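First the proteins, then the strands, lettered A, B, ... as listed; each starts at 1. Treat the numbers as computed from the prediction; the structure is a model and nothing was measured.
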Amino acid sequence: MTVTTRKDWASDQEVRWCPGCGDYSILAAVQLLMPELGVERENTVFISGIGCAARFPYYMNTYGVHSIHGRAPAFATGLALTRPDLDIWVVTGDGDSLSIGGNHLIHALRRNINIKILMFNNQIYGLTKGQYSPTSEYGKVTKSTPFGSVLSPFNPISLALGAEGTFVARTHDMDRNHMMEMMRRAHLHKGASLIEIYQNCNVFNDGAFSEITSKDKRADNLINLVDGEPIIFGANSDKCVVLDAEQGVRVADRSSVTEDEILIHNSKRQKPAIAFALSKLASGPHEPTPIGVFRDVEQHEYSESLQHQTEDALNKKGSGTIANLLSSLPTWTVN
Amino acid sequence: MTVTTRKDWASDQEVRWCPGCGDYSILAAVQLLMPELGVERENTVFISGIGCAARFPYYMNTYGVHSIHGRAPAFATGLALTRPDLDIWVVTGDGDSLSIGGNHLIHALRRNINIKILMFNNQIYGLTKGQYSPTSEYGKVTKSTPFGSVLSPFNPISLALGAEGTFVARTHDMDRNHMMEMMRRAHLHKGASLIEIYQNCNVFNDGAFSEITSKDKRADNLINLVDGEPIIFGANSDKCVVLDAEQGVRVADRSSVTEDEILIHNSKRQKPAIAFALSKLASGPHEPTPIGVFRDVEQHEYSESLQHQTEDALNKKGSGTIANLLSSLPTWTVN
Amino acid sequence: MTIKHEALDRVVIRFAGDSGDGMQLTGDRFTESSALFGNDLSTFPNFPAEIRAPAGTIAGVSAFQVHISDHDILTPGDSPNVLVAMNPAALKANISDLEQGGILIVNSDSFDDRSLSKAGYETNPLTDDSLKRYSVYEIPMTSLTLEATKDTGAKPRDAERSKNFFALGLISWMYNRPYDETINWINKKYENRETVLQSNLAAYKAGHAFGETAELFASNYTVAPAHFEKGTYTNITGNHATALGVVAAGLLSGMQVLLGTYPITPASDILHELSKLKNFNVKTFQAEDEIAGVGAALGASYGGALGVTTTSGPGVDLKSETLGLAISLELPLLLIDVQRAGPSTGLPTKTEQSDLLLAMYGRHGEAPLPVVAASTPSDCFEAVIEAARIAIKYRTPVILLTDGYLANGAEPWLLPDLTKLQPIEPNFSKEFNHENKDGSKSFYPYIRDPKTLIRQMALPGTPGLEHRIGGLEKSNESGAVSYDPLNHELMVSLRAHKIEGIQDDISDAVVDDPTSDAKILLLGWGSTYGSIAAGVRRLRARDKKVAHVHLRHLNPFPKNLETILKKYETVIVPEINLGQLSKLIRSKYLIDAKSFSKVQGVPFKAVEIEKYVLNFVEEN
Amino acid sequence: MTIKHEALDRVVIRFAGDSGDGMQLTGDRFTESSALFGNDLSTFPNFPAEIRAPAGTIAGVSAFQVHISDHDILTPGDSPNVLVAMNPAALKANISDLEQGGILIVNSDSFDDRSLSKAGYETNPLTDDSLKRYSVYEIPMTSLTLEATKDTGAKPRDAERSKNFFALGLISWMYNRPYDETINWINKKYENRETVLQSNLAAYKAGHAFGETAELFASNYTVAPAHFEKGTYTNITGNHATALGVVAAGLLSGMQVLLGTYPITPASDILHELSKLKNFNVKTFQAEDEIAGVGAALGASYGGALGVTTTSGPGVDLKSETLGLAISLELPLLLIDVQRAGPSTGLPTKTEQSDLLLAMYGRHGEAPLPVVAASTPSDCFEAVIEAARIAIKYRTPVILLTDGYLANGAEPWLLPDLTKLQPIEPNFSKEFNHENKDGSKSFYPYIRDPKTLIRQMALPGTPGLEHRIGGLEKSNESGAVSYDPLNHELMVSLRAHKIEGIQDDISDAVVDDPTSDAKILLLGWGSTYGSIAAGVRRLRARDKKVAHVHLRHLNPFPKNLETILKKYETVIVPEINLGQLSKLIRSKYLIDAKSFSKVQGVPFKAVEIEKYVLNFVEEN
Ligand SMILES: Cc1ncc(C[n+]2csc(CCOP(=O)(O)OP(=O)(O)O)c2C)c(N)n1
Ligand SMILES: Cc1ncc(C[n+]2csc(CCOP(=O)(O)OP(=O)(O)O)c2C)c(N)n1
Ligand code: SF4
Ligand code: SF4
Ligand SMILES: [Mg+2]
Ligand SMILES: [Mg+2]
């Protein structure tokens with residue numbers, strides 16, 4: 001294992017985000033994590049679309065591609081299929097991944113292709129200066145919705161689970177350790193992993209997550225999902241999550257239930273139903289909201305499965321040459 | 001209410017599907033339903049993408065557009081936004097709606113725009129002669145996967161629920177009454193409705209649903225979701241569905257549970273968690289599979305909300321003329 | 001020291017600073033007050049693609065150039081007479097454009113070692129003599145602003161951000177701009193943010209007072225109002241005029257407007273403007289992507305609304321497929337392409353004219369459509385109406401080309417005479433148009449006007465006229481799907497002739513050739529209008545004869561174009577691309593049109609046009 | 001009655017029936033057996049877009065034309081000498097093409113009232129004298145087939161479906177095709193479906209025997225093997241040759257191939273073929289749409305594989321944006337466009353050459369790329385290799401144009417001499433190429449070869465050469481994002497010159513002008529090769545001198561093209577579009593190239609070329 005330090009992972013490019021932008025802390029988390037993962041810089045590739053978030057690859061001293069809006073998962077898929085030796089990360093915004101890139105995202109998840117997707121969700125279009133995004137809340141006033149938006153946002157976790165996502169997690173830019181833990185887990189996962197990162201855009205959507213992520217509100221409003229542990233939260237640990245025949249799961253006062261009614265978190269449940277129910281606990285980042293790994297299950301990884309088919313074919317037919325190729329055709333010979 | 005008959009709804013075009021194709025029975029169901037809905041032909045529009053299914057509008061004696069592959073929801077959205085007076089149906093295949101059109105589909109559902117989407121799911125690309133589709137099962141051998149497909153299919157119901165679908169149902173081409181019932185319900189729903197219709201493609205994927213839809217297997221393998229009723233199925237009504245802490249819901253022997261443990265179906269549950277769990281009961285149409293309305297809830301309908309904003313503006317500012325428009329600018333006058 | 005008052009006929013000022021320094025706002029306000037004062041003017045904002053690029057770097061410099069004058073002018077000016085540089089990077093990035101002997105005003109507070117090195121200066125230009133060709137005024141704007149605002153309660157960090165208002169005040173004093181109006185404007189703009197309001201007011205006043213009292217400046221200047229045609233004027237950017245044109249087209253046709261779009265620089269402001277105008281029968285729809293945006297617009301057109309979509313750069317590519325559908329369906333659709341520098345993401349905030357061939361040919365199959373271009377910011381208004389008129393009347397998608405320079409540039413606009421705006425008649429069918437063999441009647445959607453080849457169009461909701469259309473080839477007249485080879489050829493040719501025939505319905509190209517005996521013709525289109533016309537003026541001032549034709553219609557070309565072109569010995573086509581119009585002209589008229597191309601993301605300077613022609617004359 | 005044996009030098013046979021009648025299979029097998037027999041041949045399948053259009057209608061007719069000959073031929077033939085019509089609709093749709101006095105074989109069982117009226121006949125053509133210009137053979141193929149198969153155990157409904165084998169047997173007898181080989185082939189093809197096998201065998205044998213014994217035919221015919229160059233041959237379609245070319249390009253370059261694609265007619269078969277060839281270092285990826293298909297191909301190229309994408313019609317539109325990215329990144333990419341009739345969905349199964357201008361100009365910004373075309377089915381193999389060579393070497397997307405006619409048409413192909421296939425050298429960088437100011441080394445991805453302007457390319461996985469690239473404009477050499485105006489102009493021009501410079505690396509255009517003194521040049525590209533060359537033969541047979549140049553490279557054009565064009569008085573450009581190449585030629589060389597256009601979804605006939613030139617000569 002190569003020993004690297006955080007500095008090795010920072011490119012020489014000056015970082016071009018607004019001062020105070022949440023993207024900085026995500027960058028720091030990634031650069032801190034990398035040495036710990038023991039991977040090689042030359043085998044690491046960051047691929048992004050377009051947006052503020054999508055600037056990310058420029059700042060990593062690895063291979064990197066700043067591609068086009070929404071298409072990073074497609075580009076990454078081609079790379080992953082042909083280069084299973086690489087460690088491939090996709091960095092994307094909420095608009096990039098859920099608006100123009102929605103289809104590529106859900107298909108990448110379904111295919112379970114070996115890429116790690118970091119979705120910087122600031123609930124706004126940053127780079128184009130403040131239009132609403134697919135995660136902006138109902139009623140949001142933005143440049144393109146001066147009278148308030150009149151449609152409901154996606155919940156990225158629910159969407160990912162509906163799209164057969166095998167690794168789905170949420171974290172936020174105010175908690176470096178939690179971010180790093182999520183990324184560590186994603187890196188261990190074989191297949192597609194999606195991490196939704198609540199990220200503050202202090203220019204166009206400041207404070208979007210402060211009701212749940214600010215230091216004083218976290219205890220009450222972040223529900224930390226930890227495998228094997230009962231789902232308990234609240235400054236006084238007085239709240240919990242239990243099964244519910246109407247809502248799937250619901251928040252309850254701990255005093256109103258018995259301890260064994262409290263749901264034990266388990267990201268490894270094969271069926272995504274409970275994970276989905278958890279994703280629906282909160283309708284937006286203004287009430288108790290789960291963070292952590294919702295789902296983390298094993299399934300056929302696409303590029304590996306394809307590689308197996310190739311190897312099978314090679315074993316059966318041998319490595320093909322042009323001569324083989326042509327001689328397999330029905331031919332006749334003129335002398 | 002105008003009185004029409006089935007014949008009034010059939011156009012003069014000869015139907016161009018393969019003999020025996022499931023599309024015929026869906027067409028019949030729609031043409032039978034229309035007179036009953038009491039809508040006017042001239043106010044009804046069918047919009048489709050490309051595919052065998054997408055031929056549908058040609059056969060309806062209404063306004064109709066055979067648009068381009070995957071884009072019918074986008075086209076329909078523009079029409080619905082400007083013409084809320086129309087009754088708009090989108091007809092699409094599994095490839096059209098979930099492959100190339102996946103993004104438009106999930107956004108149409110999230111926006112809850114007033115269109116009814118009939119997804120003919122034959123788990124194959126019909127028109128292009130037999131490649132696998134996003135609903136084809138793992139391992140499927142097709143023209144484009146001669147060694148078997150190596151990725152998991154979407155479950156359209158789960159995906160729709162993950163995408164905030166407010167009306168989500170499933171039916172199949174072998175049961176005209178059930179199809180009509182689902183369409184009737186969709187028509188009553190204000191907002192976007194999605195009906196997945198299992199449809200047999202007897203040329204390229206014959207029998208894909210026969211394990212659950214053939215007359216002799218239905219009783220055992222179709223779980224009919226009926227609002228207000230306990231979810232019971234089986235030729236001898238010996239099976240049922242109950243809540244489960246691991247899987248959300250599961251199938252149980254009726255003998256092994258008490259009657260009040262049996263889940264009562266309710267499509268009106270605001271939160272989609274139970275509906276989602278139901279959608280995950282079966283991993284494909286080869287084991288007990290729910291049909292019926294999974295979810296049917298009220299929510300802001302997009303075109304109506306937009307219309308309200310317009311009316312508000314009109315009330316506040318009056319109906320604008322070019323003179324108003326120009327006089328609202330900061331101007332100076334030269335004499 | 002008494003201050004002289006000098007009268008100037010024109011001045012070009014450039015404000016330059018960090019992206020976060022508010023230079024665009026300063027420039028805008030200076031422009032607005034000059035407009036209200038009555039000058040003719042033209043502006044050129046130039047900013048980086050980042051929201052806020054790293055402070056202090058060259059990449060982060062944002063600039064705004066404004067040209068004000070007492071006579072009519074055509075461009076934002078080739079080189080500024082005055083440069084305001086808020087930091088070393090701004091100085092470095094802009095100084096080479098300042099005219100010899102021009103006025104340079106710098107915020108001297110920002111010239112510390114760190115900032116100098118960030119900007120890439122090895123020595124301090126304020127002290128190393130490198131600026132001796134200019135009249136340099138070093139003003140500690142940051143400290144003066146802090147001083148001025150200390151009673152407003154603003155924290156120093158925030159107060160400092162008012163320094164652009166200090167600059168605005170100073171320059172407003174220097175050029176005698178109306179004082180009270182700007183005070184009122186600040187009051188209004190910040191009415192809900194009291195501290196900011198007070199601090200901006202204080203800074204503005206301090207800047208103004210500084211000019212008057214600091215004894216630094218020997219003179220201040222007046223640029224008298226220009227002699228404008230009588231009428232009511234507003235100062236307008238191209239994007240704003242475009243948005244107004246869209247509304248007007250809707251009102252003139254009586255059609256509801258649906259803008260289906262997706263945000264992209266530099267087109268987004270059209271969406272922003274239109275989304276405010278809900279009481280004008282306009283709806284806006286921010287779609288999930290460009291494909292859905294144009295798809296929704298087309299769906300709206302199918303229902304009888306005017307479907308409009310706006311975009312730029314990569315967004316245009318994505319709309320190709322739906323344009324093809326619109327051509328096949330023969331439905332109205334207006335695509336407004338605010339061109340930017342490509343290829344790929346390119347330079348999103350920079351201008352270019354490089355989508356002309358894409359507009360002409362960017363669809364599979366034989367898929368012709370009309371292409372229209374706007375030539376100045378205010379001209380966007382009429383160009384949109386013309387494009388919409390063609391789209392509605394001919395039931396065809398139309399591409400309107402504007403660009404980043406028009407979009408953000410501003411000029412005074414004489415508001416149009418409303419009585420001269422022609423209504424647009426959509427002419428929807430209400431009746432059967434075909435008698436079947438059995439004597440019954442039906443509606444055939446592809447029955448055409450024999451002259452214009454326009455098809456009949458019936459809207460959903462019209463009883464009895466139900467019919468189906470689609471992107472498969474269809475039988476002429478009945479519209480039913482047809483695989484007949486000869487019918488396909490017929491339809492391909494009808495679609496082509498319909499578009500060609502629009503020639504009969506557009507105005508002739510106008511030649512600017514006062515003596516009618518020039519030998520050289522400058523042929524332009526789009527936003528090069530101002531630069532070419534200004535270049536022509538310069539040439540004529542040197543007694544060089546040169547003619548100028550500027551095209552509104554790129555497809556079809558005006559009928560008289562061929563005759564015009566053949567009259568001149570030389571046709572030069574200046575374009576902000578590698579010669580796209582010149583290719584079309586060469587191919588169509590077999591004329592050896594010379595391409596004069598500049599592809600730097602910025603407009604031509606008048607002097608570049610002048611020089612090119614002078615060189616050409618010399619060498620030939 | 002004794003049957004005469006006549007020798008023919010060539011014959012054109014068309015099989016026509018319902019889509020469900022198996023005409024494509026019949027035609028294919030007849031072709032294959034003729035190929036094995038040693039004839040030269042050329043085929044033209046022509047079928048509807050529906051999987052199975054309504055039985056008995058004109059829209060549902062599927063046809064397969066094959067031209068076999070004892071000498072080398074160029075096209076599937078202008079008009080069939082023999083038409084086999086399995087039902088009235090097939091007769092109606094095809095009869096007008098049959099030569100005067102030609103042989104018409106009909107399945108008389110299918111001429112009942114219902115079928116006649118479905119086909120739109122008011123009277124029975126078999127009895128109303130309308131066919132008297134032909135030699136008509138009425139054969140009750142359905143009942144004969146039922147009779148022949150009655151012992152096979154097949155249900156009558158199924159047995160009836162063997163009637164195409166009856167027809168195959170009959171025609172095989174008429175033209176003396178090898179008997180046993182087809183028997184073997186049937187045995188193999190249906191080995192897992194016993195009843196079907198038996199019934200097809202029985203029908204085939206019955207058809208053959210019927211010819212021999214029915215005393216209907218006065219003669220049968222032999223078309224002797226053609227004199228082919230020595231070597232090994234296979235009969236191949238364009239799509240198949242394309243797939244083989246892709247594999248070969250991968251093997252020649254040592255690069256893994258990733259085909260990222262989305263099914264679309266008529267390109268899907270390339271995917272189907274390639275997905276079988278996993279042991280040739282080829283992976284196929286059926287993406288969610290065309291955008292993802294090309295995106296994945298580009299991602300693969302970035303990793304050092306050869307990214308290939310295949311499509312047609314609307315699919316090409318959708319790939320524009322990613323092509324722009326590939327141009328900006330300067331990465332290899334091969335887009336194979338199997339052109340079909342547009343616009344929009346158009347006529348998916350019909351051929352057209354109408355994507356040339358799209359290939360040239362269909363991207364925003366200045367975004368040039370090389371365009372290559374294949375001219376015959378087997379030529380697709382070499383055309384792919386040439387396109388891939390350019391893509392890999394020049395690190396650029398290349399568009400290869402084939403079309404529906406090439407895709408499905410077949411001809412004998414002399415397998416290439418493997419020793420003549422040149423390896424392709426991707427030339428990836430492994431070393432630093434730049435020395436920084438501080439003496440340290442680094443990798444600059446946009447350092448270029450000074451002559452070819454090809455940039456350096458290092459693959460992920462190469463230690464030390466980590467770098468970042470993107471679609472924003474970048475500094476030449478370092479590749480860092482750059483907003484510098486002059487750098488942008490430099491990059492725009494470098495990209496353009498790199499593509500133009502490929503002129504030096506491609507073969508000259510070859511003129512076919514035996515006497516070197518023709519005045520008229522026919523300039524073609526793509527699939528019109530056969531028709532033009534055959535037309536030229538006809539003209540020369542009439543002693544008309546005419547030259548022919550057929551272009552492999554559409555961008556850049558071969559260096560010698562200008563000289564060639566200027567040698568001829570008249571340049572005529574026959575195209576299956578409205579004159580796209582002629583536009584390019586006119587614009588580039590200012591030559592009054594005449595467009596001869598046909599847009600009917602089918603190829604030119606040789607006689608149409610001949611007539612056009614004869615008319616032209618007469619009128620001029
Ligand atoms: C095809 C295309 N359409 C539109 C754009 C303009 N655009 C760039 S980034 C962006 C959205 C950015 O939002 P998000 O993905 O949330 O990223 P953020 O800036 O918030 O980090 C848009 C619309 C583009 N570059 N390309
Ligand atoms: C842009 C584009 N890509 C590809 C196609 C080709 N195509 C037509 S239909 C189809 C898939 C059809 O599958 P599905 O939607 O499941 O419909 P079905 O035929 O099975 O009813 C494809 C790939 C197209 N018409 N347009
Ligand atoms: S605009 Fe928002 S998301 Fe973008 S860099 Fe600035 S703060 Fe960050
Ligand atoms: S191919 Fe399949 S889906 Fe299409 S018409 Fe035939 S049976 Fe139906
Ligand atoms: Mg965002
Ligand atoms: Mg399907």
Interface moiety of C:Ile469 toward chain B, non-hydrogen atoms closer than 4.5 Å
both

Side-chain donor or acceptor of C:Tyr233 paired with backbone N/O of B:Thr331 under 3.5 Å:
no

B:Arg111 portion near chain C, given a 4.5 angstrom heavy-atom threshold
side chain

Scored by heavy-atom pairs under 4.5 Å with chain C, the best of B:Ala54, B:Ala72, B:Ser67 is B:Ser67

Checking C:Pro225 against chain B: side chain, backbone, both or neither under 4.5 Å from a heavy atom?
neither

So which of C:Val282, C:Leu329, C:Asn235 has the biggest tally of heavy-atom pairs under 4.5 Å with chain B?
C:Asn235

Does any backbone or side-chain atom of C:His240 lie under 4.5 Å from a heavy atom of chain B? Answer side chain, backbone, both or neither.
side chain

Looking at chain B, which one of C:Ala292, C:Gly260, C:Gly231 has the largest number of heavy-atom pairs inside 4.5 Å, strictly under?
C:Gly231

Which bit of C:Leu251 is near chain B, if near means a heavy-atom gap under 4.5 Å: side chain, backbone, both or neither?
side chain

Of all heavy-atom pairs linking B:Pro330 and C:Thr234, the shortest is O-OG1, 2.6 Å

Structural part of B:His104 lying under 4.5 Å from a heavy atom of chain C
both

Specify which of C:Gly471, C:Gly461, C:Gly470, C:Pro460 makes the most heavy-atom pairs with chain B at under 4.5 Å.
C:Pro460

Between C:Asn279 (side chain) and B:Ser319 (backbone), is there a donor-acceptor pair under 3.5 Å?
no

Using side-chain heavy atoms (C-beta onward) and a distance below 4.5 Å, is C:Phe280 in contact with B:Asn324?
yes

Say you draw a straight line from CG of B:Leu81 to CG of C:Leu258; how long is it, rounded to the nearest 0.5 Å?
6.0 Å

Do C:Lys278 and B:Leu306 have side chains that approach each other closer than 4.5 Å (heavy atoms only, starting at C-beta)?
yes

In terms of heavy-atom pairs under 4.5 Å with chain C, the winner among B:Asn43, B:Thr310, B:Thr77, B:Thr44 is B:Thr310

With only heavy atoms counted, which part of C:Lys276 is less than 4.5 Å from chain B, the side chain, the backbone, both or neither?
backbone

Tightest non-hydrogen contact, residues C:Gln256 and B:Thr82, listed as NE2-O, 3.2 Å

Sort B:Ile322 into side chain, backbone, both or neither according to what part of it lies under 4.5 angstrom from a heavy atom of chain C.
both

Flag the one option from B:Leu326, B:Ile68, B:Ile106 with the top tally of heavy-atom pairs under 4.5 Å to chain C.
B:Ile68

Does a sphere of radius 6.0 Å around CD in B:Glu304 hold more than 12 heavy atoms from other residues, nucleotides or ligands, not counting ones at 6.0 Å or beyond?
yes

Highest number of heavy-atom pairs under 4.5 Å with chain C: which of B:Val334, B:Asn315, B:Ile47?
B:Val334

Among the listed options C:Ala248, C:Ala287, C:Gly295, the residue most often paired with chain B at heavy-atom distances under 4.5 Å:
C:Gly295

Checking salt bridge (Lys or Arg N to Asp or Glu O under 4.0 Å) for the pair C:Glu321/B:Arg71: CA distance, chi angles, key distance, verdict?
CA-CA 10 Å; C:Glu321 189 200 10; B:Arg71 315 303 175 188; 3.7 Å; yes

Mind checking the CZ-CD spacing from B:Phe46 to C:Glu466? Nearest 0.5 Å is all I need.
12.5 Å

Options C:Leu325, C:Leu414, C:Val294, ranked by heavy-atom pairs under 4.5 Å with chain B, top entry
C:Leu325

Residue selection (most heavy-atom pairs with chain B, distance under 4.5 Å) from C:Ile291, C:Asp289, C:Val247:
C:Ile291

Shortest non-hydrogen pair, B:Asn103 vs C:Glu288, comes out as ND2-CG, 3.8 Å

More than 12 non-hydrogen atoms from neighbouring residues, nucleotides or ligands closer than 6.0 Å to NE2 on C:His434, yes or no?
yes

At a heavy-atom separation under 4.5 Å, does B:Ala323 approach chain C through its side chain, its backbone, both, or neither?
both

Check whether any side-chain heavy atom of B:Leu314 lies under 4.5 Å from a side-chain heavy atom of C:Asn281, and answer yes or no.
no

What part of B:Gln13 lies closer than 4.5 angstrom to a heavy atom of chain C: side chain, backbone, both or neither?
side chain

Chain C heavy atoms under 4.5 Å from B:Asn335: which part of the residue, side chain, backbone, both or neither?
backbone

Residues of residues 299-306 of chain C under 4.5 Å from chain B (heavy atom pairs)?
C:Gly299, C:Ala300, C:Tyr302, C:Gly303, C:Ala305

Heavy-atom pairs under 4.5 Å with chain C are the metric here; pick the option from B:Ser11, B:Gly64, B:Ser48 that has the most.
B:Gly64

Is there a donor-acceptor pair under 3.5 Å between the side chain of B:Tyr58 and the backbone N or O of C:Ala480?
no

With a 4.5 angstrom heavy-atom cut-off, which part of C:Leu36 approaches chain B: side chain, backbone, both or neither?
both

Contacting moiety of B:Thr321, where chain C heavy atoms sit under 4.5 Å
backbone

How about B:Glu311: does its CD atom have over 12 heavy atoms from other parts shown lying under 6.0 Å from it?
yes

B:Val65, part contacting chain C, at a heavy-atom distance under 4.5 Å
both

B:Thr333 and C:Lys230, any side-chain heavy atoms less than 4.5 Å apart
no

Hey, are the side chains of B:Glu42 and C:Leu465 touching, using non-hydrogen atoms and a 4.5 Å cut-off?
no

Using non-hydrogen atoms only, which part of C:Ser328 is less than 4.5 Å away from chain B: side chain, backbone, both, or neither?
neither

Heavy-atom cut-off 4.5 Å, strictly under: side chain, backbone, both or neither for B:Tyr302 against chain C?
side chain

Is the backbone N or O of B:Thr62 less than 3.5 Å from a side-chain atom of C:Arg468, with the two atoms forming a donor-acceptor pair by type?
yes

Derivation of the side-chain hydrogen bond (donor to acceptor under 3.5 Å, both in side chains) call for C:Lys283 and B:Gln309:
CA-CA 10 Å; C:Lys283 283 181 180 142; B:Gln309 288 193 334; over 6 Å; no

List the atom of B:Phe75, the atom of C:Leu298, and the distance in Å for their closest heavy-atom pair.
CE1-CG, 3.7 Å

